[in-house]
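Following: one structure in structure tokens, then a few remarks.
Treat the numbers as computed from the prediction; the structure is a model and nothing was measured.
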Amino acid sequence: MTHSANYTQKSRRARGRGPARRAARTLAFVLPVMLVLSGTLAVTRVNWSGNSSESVLTASSQDVSKRAKSRAPQDVLRDRLLLELQEDDPGVALTHLQQEIDRRPSLARHCMAIAKALGRAAVETYGPARAQSFARPVCDTSFASGVAGFRA
């Protein structure tokens, strides 16, 4: 092998490690990141509501300070029972609470908190003396505790 052939092989290897290769690697890394970011921004700028009067960033909430309603099973049950208490009476709500706890034992750990909330709501609706008359031994008398602990 001659000196000129040796020089040609070295120069070919050196060319593969040059600035063009580094630029290609950088571009291969940066390009997908830029595509993802631009796609995300494009989606947030689309007016998905159909109203032309809406702001440009319709994907973000306008009422960020409002707390989202919790849809946990115990919260749904509590809300339903509070509504029953308003429509019927606390005795009906307590009976349904006991039935629901018997039907779904996983709610038993929330029973005391729900019964206390029912007791407080009963005092607001019926007054302390009348609300106490609905008390029964559901969830370790938490309903009575809610009635007694409420300060109107």
Side-chain angles (χ1 to χ4, degrees), residues 13-152:
R13 276 189 255 140
R15 274 187 269 152
R17 297 184 189 147
R21 184 168 173 105
R22 273 184 264 137
R25 282 185 178 175
T26 303
L27 186 63
F29 176 74
V30 172
L31 188 61
V33 172
M34 293 302 295
L35 287 172
V36 167
L37 287 176
S38 64
T40 303
L41 290 174
V43 168
T44 60
R45 296 188 67 86
V46 171
N47 185 355
W48 296 101
S49 68
N51 297 337
S52 59
S53 63
E54 296 280 328
S55 71
V56 174
L57 292 176
T58 57
S60 65
S61 175
Q62 292 179 1
D63 298 325
V64 176
S65 62
K66 286 187 180 178
R67 187 172 177 221
K69 274 195 166 183
S70 174
R71 300 311 308 163
Q74 66 271 11
D75 295 334
V76 172
L77 176 62
R78 184 192 64 233
D79 293 345
R80 186 176 52 117
L81 292 174
L82 286 171
L83 186 62
E84 279 184 13
L85 184 139
Q86 299 296 323
E87 292 175 354
D88 294 325
D89 64 56
V92 173
L94 287 171
T95 300
H96 289 153
L97 173 61
Q98 187 63 54
Q99 289 171 349
E100 220 28 62
I101 297 300
D102 292 342
R103 193 172 69 83
R104 293 173 38 192
S106 63
L107 292 172
R109 63 183 160 157
H110 304 287
C111 185
M112 292 176 67
I114 294 170
K116 268 190 172 182
L118 290 172
R120 286 193 274 318
V123 170
E124 288 178 6
T125 305
Y126 297 100
R130 178 110 194 272
Q132 189 65 38
S133 70
F134 293 105
R136 57 181 70 167
V138 176
C139 306
D140 297 328
T141 65
S142 294
F143 177 82
S145 174
V147 169
F150 183 78
R151 302 276 187 247

Kindly indicate whether the side chain of [X], heavy atoms from C-beta on, has any atom under 4.5 Å from the side chain of [Y].
X     : Y     : value
Val76 : Arg80 : no
Gln98 : Leu94 : no
Arg21 : Arg25 : yes
Glu87 : Val92 : no

Smallest separation among heavy atoms of [X] and [Y], with atom names:
X      : Y      : result
Tyr126 : Pro90  : CE1-CD, 3.3 Å
Leu81  : Ala93  : CD2-O, 3.5 Å
Ala115 : Leu97  : CB-CD2, 4.0 Å
Val147 : Ala131 : CG2-CB, 4.1 Å
Arg120 : Gly146 : CG-O, 3.6 Å
Gly91  : Phe134 : N-CD2, 3.7 Å

Could you tell me the separation between the [atom1] atom of [X] and the [atom2] atom of [Y], rounded to the nearest 0.5 Å?
X      : Y      : atom1 : atom2 : value
Asp79  : Arg71  : CG    : CZ    : 6.5 Å
Arg78  : His110 : CZ    : NE2   : 10.5 Å
Lys116 : Ser142 : NZ    : OG    : 6.5 Å

Does the distance from a Lys or Arg side-chain N to an Asp or Glu carboxylate O, for Glu100 and Arg104, drop under 4.0 Å? yes
